[in-house]
Amino acid sequence: MSMAVGLAAIIMVVLFAQTAGILPAPQAAFGGGIMHYGIKMALLVLFLAGCGLIGLLLVVARFERYYRYPVKLNSKNIEVQYALAKIMLSALQLICAVYICVMMAGLYKAVILPESQTSAAITAMALAAGGGVYAAYLAAAFKNR
């Protein structure tokens with residue numbers, strides 16, 4: 001799963017580096033919002049937010065003994081709980097990386113095609129996927145007390 005996160009992060013970096021310089025200037029027809037500051041600034045903020053979020057999840061995954069587990073750890077279940085937490089955090093990293101890539105692609109599409117849809121559905125799907133991963137983790141954690 002970490003290869004998939006790495007691949008998504010590489011795609012995000014390449015997408016940002018290759019196309020940020022050739023994007024059109026903001027147009028007055030958009031009427032504020034993201035376009036008020038310009039597409040390059042919006043992409044930079046989205047890129048940095050994605051890197052920060054994925055980096056935070058990497059730090060949390062690295063120090064698993066400080067993670068707040070939903071069940072009490074003992075000598076019988078500590079290995080299983082560490083493994084379950086690492087799987088859950090890896091899945092959340094993948095969801096975050098794909099979400100940021102899709103949002104960046106959606107931002108490009110909004111510049112090219114102003115009548116494109118908003119990203120509310122994409123955000124709802126990412127939140128639902130993250131919630132599903134966490135719910136599956138909780139179910140597995142309570143099952144393997």
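Just so you know, residue 1 is the first one in the sequence shown, and it goes up from there. For the numbers below, each heavy atom of this structure counts, side chains included, while hydrogens, waters and symmetry mates do not.
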Notebook entry, point to check: Are side-chain heavy atoms of F63 and V59 found at a separation under 4.5 Å?
Noted result: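 Yes, side chains in contact.
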Just verifying a value: how many Å separate [X] [atom1] and [Y] [atom2], rounded to the nearest 0.5 Å?
X   : Y   : atom1 : atom2 : answer
L89 : L84 : CG    : CG    : 11.0 Å
C96 : L53 : SG    : CG    : 4.0 Å
L56 : Q93 : CG    : CD    : 10.0 Å
K86 : Q81 : NZ    : CD    : 14.0 Å

Determine the minimum heavy-atom distance between [X] and [Y], stating which atoms define it.
X    : Y    : value
P70  : Y137 : CD-OH, 3.3 Å
V133 : A91  : CG1-CB, 3.8 Å
K72  : N77  : O-ND2, 3.2 Å

Notebook entry, point to check: Honestly curious: do M125 and L127 fall in one hydrophobic cluster under the side-chain, below-4.5 Å linking rule?
Noted result: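 Not linked; separate clusters.
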Note to self: Do V60 and L73 land in one hydrophobic cluster if side-chain heavy atoms of ILVMFWY residues count as linked below 4.5 Å?
What the structure shows: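 Yes, one cluster joins them.
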Next item on the list: Go through the structure and list residues passing side chain to side chain contact (heavy atoms under 4.5 Å, CB included) with A129, not counting sequence neighbours.
Entry: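 A129 satisfies side chain to side chain contact (heavy atoms under 4.5 Å, CB included) with I95 only.
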Next item on the list: Would you please name every residue forming a side chain to side chain contact (heavy atoms under 4.5 Å, CB included) with V102, sequence neighbours left out?
Entry: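 Listed in chain order: V98, I122.
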Notebook entry, point to check: Is there a donor-acceptor pair closer than 3.5 Å between any side-chain N or O of N144 and the backbone N or O of A140?
Noted result: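 Checked: pair present.
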Check: By ring-ring contact (aromatic ring centres under 6.0 Å, His included), which residues pair with Y82, not counting sequence neighbours?
Finding: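 For Y82, the residues satisfying ring-ring contact (aromatic ring centres under 6.0 Å, His included) (neighbours in sequence not counted) are Y69.
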